[in-house]
Amino acid sequence: MSDVIADESVYQTDALIAEDINKYLETHQHKTMLRFITCGSVDDGKSTLIGRLLYDSKMIFEDQLEALESDSKKVGTQGQEIDFALLVDGLAAEREQGITIDVAYRFFNTEKRKFIVADTPGHEQYTRNMVTGASTADLAVILIDARKGVLVQTRRHSYLAHLIGIKNIVLAINKMDLVDYDQAVYDGILKDYTEFAHSIGIKQFTPIPISGFKGDNITGPSENTPWYKGPALIQHLEDVEVDQVSDQEKPFRMAVQWVNRPNLDFRGFSGQIATGVVKVGDAIRVLPSGKTSTISRIVTLDGDLQQAVAGQSVTLCFADEVDCSRGDVIASSGNPPQVADQFESTIVWLADEEMLPGRSYWLKLGTQMVTATVQAPKYQVNVNTMEHLAAKTLDLNAIGVANLSTDKQIVFEPYEKNRTLGGFILIDKITNATVAAGMLHFSLRRAQNVHWQATDVSREFHAGLKNQRPAVLWFTGLSGAGKSTIANLVEKKLARMNRHTFLLDGDNVRHGLNKDLGFTDADRVENIRRVGEVAKLMTDAGLIVITAFISPFRSEREMVRQMMKPGEFIEVHIDTPLADAEARDVKGLYAKARAGDLKNFTGIDSPYEAPEDPEIRVDTTSMTAEEAAEEIVKRLIP
C-alpha cells in the first residue's frame, strides 16, 4: 500500500514539474524582445557591464564560470577578482589589448523580457562597427567613465545613435566606485552631457549612476548611492517601450521577400511586417506599380490569422490577381508610402577607400536592390563640434549629407518615420563589399517634376536609316598605349564602309564638355559618367560610337556598359605594358609624373584596373596599329 502511495506521490510531483515547465515556456515565448547596444569611449566599461548583466541574470554555465575565473587570473585586469569583460571580449586581439574591436552580440533574459545586447567598439577607427550594431537597436546605453567625464567618443556615439534613430538613450555614468560614489561628480557629468545632448536633438535620456564591476544599480538599488532615486538599469531595460510596440501604431507596410507559389492553387507574398497592422479584408496597394486589392488570407506556419502586426513574418494572399514580386512593398491603400528616384540623404562612409561621387553602387533598401549614383557631398559633419564642413568626398567613418539618384523608382519613407523603408546600404559593384550606410531624408522635388519624354522616332528607326546596328567601341588602356591612334584608324575603315560613326577622344572631350574636371579619382569617375551619357545618346541616334579614354576603373566601365542595350557595349583593351607605354611618352607626361610635376597620373601614382574579360584584347607588342584596327573592324562587322 505504501508503495502505491509513493508511486502516486512521484506521479503528482512529475505532473507539477511538467506544469511548471509548460508555464515557463509559455511565459518565455510571449516575452517581448529588446535589442540594445552599449557604446562610449575606450575603457568606459562596456564589456564589463555586459558581463555583469550576464552574470547577474544567471546566463553563465558552470564550465563558463570556471573558465572565466581561470582567465581572469591569467589575462584579467581586475587582479584576482572576476574580470566580467572577458565574457564578451572573445577575440584574442581584444584580450591582449584590453579593448573591443568587433561587435559582440550576447543574449540573456529576465522574468519580464528577453534581450540581445551588442557590445560595440569605442575606438574611432572602428566607428563603422558601432554603426552596424546600432542599426537594429531599440535602445543605446552610453557609458561614461566617472573619472573622465564626457569625451570625444561619447559625443560621437551619442550623435550616431541619435542619427540612426534610437529614441531610447540611457546615460550610464560608470565606475562610480572609483570616485567614492560622489554625487557632485555625477551631477557635473550629467550637466555637461545634458547641454551636449540638447544641442544635437536628444530631448530625453535616462541617467543612472552605476558600477559595472561592483554591481551598483545594475539589478537593484545600491546602498552606496542613497541620493539616487531612479530605477536600476535592469528595471529600466525591462520597462522601456520597444520600437516594435510603437511600430504597430504606424500605417501598414510590408516589403515582399519572396513570392510563395508551392502549387497552381496558391499564390502568396511573404515578408516581415515593418509597421502597422493588417487584417483579412483590408484594402492594400502594391508599390511601385500602384495596383490595389484586398487581403484574402494571412498565412503562417501555425495556421491562418485574422490579423497580423509589426514584427510578424507572414504570407499575404490577395483577392485579385495582382502583379507583385520581390522588392515590392505592400501598404495600406489609403495611406501608401512615397515613390521616387532622387533623394537627399545622410551617408556614413564605411570603406577604407574614399567615396567617389558619380560612381554607381548597388543600393539595398529593405528587399529593393537598384543602382544608385551619389553626388558630391553638400557638407560633411564634424561630430565633435557639429560644424558643417565643405567636402568633395567622404573617407572612412565620415558622415555627410549628399543627394543621390537611382536608376529606377523605389518605395521609401523618411528614415525618421520608418527605419525599414528609409535606411539603406551602398555596395561596391566590383567587390560586393558594403561601403556605406545611409538614411533617406526626402525626395527631391525635381524627382516628381522631371519625366522621360517619349518620342515618335525610335532608336530602331534611326539605326534603320543608317543600315547599321548601334554600338560603343570602348577603347581603354594606359596613356601612350595607342588608343587614339587605333581608334582613329578604326573610324577611317568604317567610314570607307559607309558606316555612320563618331569618335569621342579623351583629350578632345576635356577641351569642352569636361573642361571643368581635373584628374583626381572623383573627377575621373565624373569624366567617364558624362562620356557614357553622351555615348548612350549617340547610340539612340543609331551611330557607332568609338571612345578612346584611359578609363582606369572597372566600376565606371561597367557603369557605361549597363547604360547600353545588351550587346552594344564592346570593351577593347589596348594592352600595352607600362614600360612600353612610358618608352613612347609622346606627350612627355610620364616624364612629368616621374618628376613629381604631374599628380594622379595613371600607372605612376594612380591605379589602372585592367579589364578582366574584355570583348577584344589588342596586344600592341605583337601587332601593329594597322593590324589591330583591321582585327577590330572584322570583329565588329564580320
Side-chain angles (χ1 to χ4, degrees), residues 34-37 39 130-140 142 155-170 196-206 240-255 272-277 287 310-311 329 331-332 335-349 363-368 372 374 377-381 383 386 388 399-404 406 409-426 436-445 447-448:
L34 176 72
R35 294 175 177 266
F36 70 97
I37 62 169
C39 50
M130 182 269 173
V131 172
T132 301
S135 61
T136 57
D138 303 309
L139 180 145
I142 297 173
R155 295 186 176 93
R156 179 183 294 271
H157 284 185
S158 298
Y159 175 76
L160 287 170
H162 178 62
L163 179 69
I164 288 172
I166 299 177
K167 296 180 175 60
N168 299 307
I169 304 288
V170 173
F196 167 74
H198 289 172
S199 72
I200 63 172
I202 298 177
K203 298 177 181 178
Q204 293 182 335
F205 62 90
T206 303
V240 70
E241 183 183 78
V242 296
D243 288 349
Q244 187 172 317
V245 175
S246 60
D247 283 344
Q248 295 177 16
E249 300 172 357
K250 299 176 182 178
F252 168 65
R253 310 279 188 259
M254 189 187 89
Q272 185 178 58
I273 300 175
T275 61
V277 177
L287 297 167
V329 174
S332 55
N335 189 6
Q338 303 176 56
V339 176
D341 59 6
Q342 296 181 55
F343 313 89
E344 182 188 85
S345 66
T346 293
I347 294 174
V348 182
W349 195 253
L363 182 148
K364 190 175 189 304
L365 188 152
T367 58
Q368 303 173 85
V374 185
K378 294 181 177 180
Y379 57 84
Q380 182 175 328
V381 179
V383 297
M386 297 299 111
H388 291 179
I399 302 169
V401 172
N403 291 343
L404 62 83
T406 56
Q409 292 192 324
I410 59 174
V411 185
F412 87 102
E413 285 192 305
Y415 185 81
E416 63 180 8
K417 292 184 179 180
N418 190 322
R419 293 170 73 176
T420 302
L421 291 181
F424 64 89
I425 59 172
L426 295 178
M439 289 69 71
L440 298 178
H441 298 169
F442 51 80
S443 64
L444 302 181
R445 186 172 179 83
Q448 283 81 38

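Just so it is clear, the model here is predicted, and its values are computed rather than measured.
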Please tell me if the side chains of Ile169 and Ser158 come closer than 4.5 Å, counting only heavy atoms from C-beta onward.
no
Give, for atom NE2 of His162 and atom CD1 of Ile142, the distance between the pair rounded to the nearest 0.5 Å.
11.0 Å
Euclidean distance, His157 NE2 relative to Ile166 CD1, rounded to 0.5 Å:
11.0 Å
Measuring from atom OG1 of Thr406 to atom CG of Asp341, what distance do you get when rounded to the nearest 0.5 angstrom?
5.0 Å
How about His441 and Thr346: does a side-chain donor come under 3.5 Å of a side-chain acceptor?
yes
Would you mind reporting whether Leu139 and Val170 have side-chain heavy atoms less than 4.5 Å apart?
yes
OG1 (Thr275) and CD (Glu249) are apart, to the nearest 0.5 Å, by 11.5 Å
Could I get the full list of side-chain hydrogen bond (donor to acceptor under 3.5 Å, both in side chains) partners for Tyr415, not counting sequence neighbours?
Arg419
Least distance between heavy atoms, Gln272 atom then Gly311 atom:
NE2-O, 3.2 Å
Step by step, would you call Tyr159 with Val381 a side-chain contact (heavy atoms from CB on, under 4.5 Å)?
CA-CA 10 Å; Tyr159 175 76; Val381 179; 3.6 Å; yes
With sequence neighbours left out, write down each residue that passes side-chain hydrogen bond (donor to acceptor under 3.5 Å, both in side chains) with Lys250, or none if nothing qualifies.
Asp247
Would you please classify the geometry between the Phe343 ring and the Phe412 ring as parallel, tilted or perpendicular, with 30° and 60° separating the classes?
perpendicular
Can you see which heavy atom on Leu163 is nearest to which on Ile399, and at what distance?
CD2-CG2, 4.0 Å
Quick check: closest heavy atoms across Arg253 and Asn418, and the distance to 0.1 Å?
CG-ND2, 3.9 Å
Would you compute the distance between atom NZ of Lys417 and atom CG of Leu440 and round it to the nearest 0.5 angstrom?
13.0 Å
Taking every heavy atom of Met439 against every heavy atom of Phe424, the minimum-distance pair comes out as N-CE2, 3.5 Å
Heavy-atom closest contact (Pro336 atom, Ala331 atom, distance)
CA-CB, 4.3 Å
Report the residue from Leu404, Val374, Asn403 that forms a side-chain contact (heavy atoms from CB on, under 4.5 Å) with Ser345.
Leu404
Is there a donor-acceptor contact under 3.5 Å from the side chain of Asp138 to the main chain of Arg35?
yes
Leu426 and Lys364, any side-chain heavy atoms less than 4.5 Å apart
no
Shortest non-hydrogen contact between Leu365 and Gly423, atoms and distance
CG-O, 3.6 Å
Which donor-acceptor pairs under 3.5 Å do the side chains of residues 197-206 make with protein atoms, sequence neighbours left out?
unit_1	atom_1	unit_2	atom_2	d
Ser199	OG	Phe196	O	2.5

d(Leu421 CG, Gln338 CD) to nearest 0.5 Å is 11.0 Å
